[in-house]
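Please read the structure below before turning to the comments.
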Amino acid sequence: MRIATFDQRAVIVTDDGLIDIASASGGRFSSSTDDLISRLDEVGEWYVTTDLDLSLELTPDVVARDPRLGPVVSRPSQIFGIGLNYRRHAIEMGMTPPTSPLVFTKFASSLAGANASVALPSPHTDWEAELVVVMGARARRVAPGDALHYVAGYCVGQDFSDRDLQMSGNPPQFSLGKSHENFSPLGPWLTTPDACDEPGDLLITCDVNDVRYQDSSTQDMVMDVAGLIAYLSAVCEIRPGDVIFTGSPAGVGQGHTPPVFLAPGDVVTSTIGGLGSLRNVMTRATV
Ligand code: ZN
């Protein structure tokens with residue numbers, strides 16, 4: 001099942017169109033994806049056992065490009081970002097792959113829909129396509145073997161990064177540099193685990209205009225999704241709707257020689273096999 005926030009309402013994205021969950025269920029379910037995130041098993045059961053009319057006939061390809069898409073969740077209690085979690089990316093940044101995860105946050109006000117435009121805050125703004133995990137249940141001190149049972153679904157994320165601000169502290173503190181307006185698009189929709197391939201074996205790419213800069217697989221992750229959930233939940237209680245940006249593969253702009261950064265007019269397309277694409281246009285800074 002694919003769940004999206006479309007025109008600020010929770011919908012199921014079918015091959016033929018959208019089903020407005022609150023309307024079609026006669027109010028049994030909320031119109032908010034944030035409210036539904038811990039009830040997706042129930043929503044899925046209802047969806048497969050009920051004869052439902054489409055609210056809007058739109059194919060997934062058209063939906064994915066629609067500016068009415070919002071972030072799949074908008075009120076997470078926590079957003080975790082993981083740095084240097086792909087082996088080849090750690091090496092391109094001049095680091096050795098970490099032995100324990102490098103964890104930062106992206107503040108929730110930076111969340112955006114799949115097609116949000118981004119006003120560039122610095123001449124050194126970079127891209128990081130990432131597999132994003134959205135959690136569906138409370139979890140504390142879970143074992144890696146149980147961790148995936150707490151996942152609501154997976155989507156594509158972009159961890160836009162203002163490298164100037166990210167590296168300006170001594171020692172550097174990543175979170176603000178990754179939290180400018182629309183720096184955290186999530187989408188195009190959430191794919192529930194039953195409809196998703198093994199999260200450790202997904203193709204992930206990022207194109208800037210017509211150039212493919214990132215072309216990798218989640219197989220290159222240093223710590224896999226289950227390991228990350230176990231590691232984080234050993235410290236923080238994970239709550240429904242919480243978001244984990246699981247790190248970016250090799251091919252970010254700063255990893256190139258000479259480095260490449262985003263300019264107004266650039267189009268960043270982030271794609272994960274089976275989960276869809278984000279398309280974000282860069283604009284000139286507003287301040
Ligand atoms: Zn990242």
Are more than 12 heavy atoms from other residues, nucleotides or ligands located less than 6.0 Å from atom [atom1] of [X]?
X	atom1	answer
Asp41	CG	no
Arg279	CZ	no
Met93	CE	yes
Gln8	CD	no

Quick one: does [X]'s side chain get under 4.5 Å of [Y]'s, heavy atoms only?
X	Y	answer
Thr105	Gln78	no
Met167	Phe174	yes
Val156	Thr271	no
Val260	Trp127	yes
Cys155	Leu275	no
Leu18	Val13	yes
Pro199	Thr218	no
Pro249	Asp220	no

List the residues meeting salt bridge (charged side-chain N to carboxylate O under 4.0 Å, His left out) with Arg212, not counting sequence neighbours, and say none if there are none.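 By the salt bridge (charged side-chain N to carboxylate O under 4.0 Å, His left out) rule, Arg212 matches Asp207.
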Can you name the residues that form a salt bridge (charged side-chain N to carboxylate O under 4.0 Å, His left out) with Asp159, not counting sequence neighbours?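 Listed in chain order: Lys106, Lys178.
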Report the C-alpha separation of Asp215 and Thr205 in whole Å, then their side-chain angles, then the decisive distance to 0.1 Å, and conclude whether the side chain to side chain donor-acceptor pair (under 3.5 Å) test is met. CA-CA 4 Å; Asp215 190 357; Thr205 62; over 6 Å; no
Show me the donor-acceptor pairs, under 3.5 Å and distance only, between side chains in residues 130-152 and residues at least two apart or in other chains.
unit_1 : atom_1 : unit_2 : atom_2 : d
Glu130 : OE1    : Gly247 : N      : 2.9
Arg138 : NH1    : Glu237 : OE1    : 2.4
His149 : ND1    : Asp146 : O      : 3.4

Over 60° means perpendicular and under 30° means parallel, so tell me whether His256 and Tyr213 are parallel, tilted or perpendicular.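 Rings of His256 and Tyr213: perpendicular, over 60°.
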Sole candidate of Val208, Val252, Ile204 that passes side chain to side chain contact (heavy atoms under 4.5 Å, CB included) when paired with Gln214: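 In the set Val208, Val252, Ile204, the residue that makes a side chain to side chain contact (heavy atoms under 4.5 Å, CB included) with Gln214 is Val252.
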Could you point out which residue of Trp189, Trp46, Phe6 forms a side chain to side chain contact (heavy atoms under 4.5 Å, CB included) with Ile12?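 So the option named by the test is Trp46.
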Please determine, by modelled atom types, if [X] and [Y] share a side-chain donor-acceptor pair under 3.5 angstrom.
X	Y	value
Asp34	Ser74	yes
Thr269	Ser277	no
Asp194	Thr192	yes
Asp20	Ser55	no

Sidechain N-carboxylate O distance under 4.0 Å for Arg68, Asp66: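 Salt bridge between Arg68 and Asp66, a charged N being under 4.0 Å from a carboxylate O: yes.
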Please tell me whether Phe245 and Ile238 are part of a single hydrophobic cluster in this structure, the criterion being side-chain heavy atoms less than 4.5 Å apart.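 No, because Phe245 and Ile238 fall into different hydrophobic clusters, even though each may have its own neighbours under 4.5 Å.
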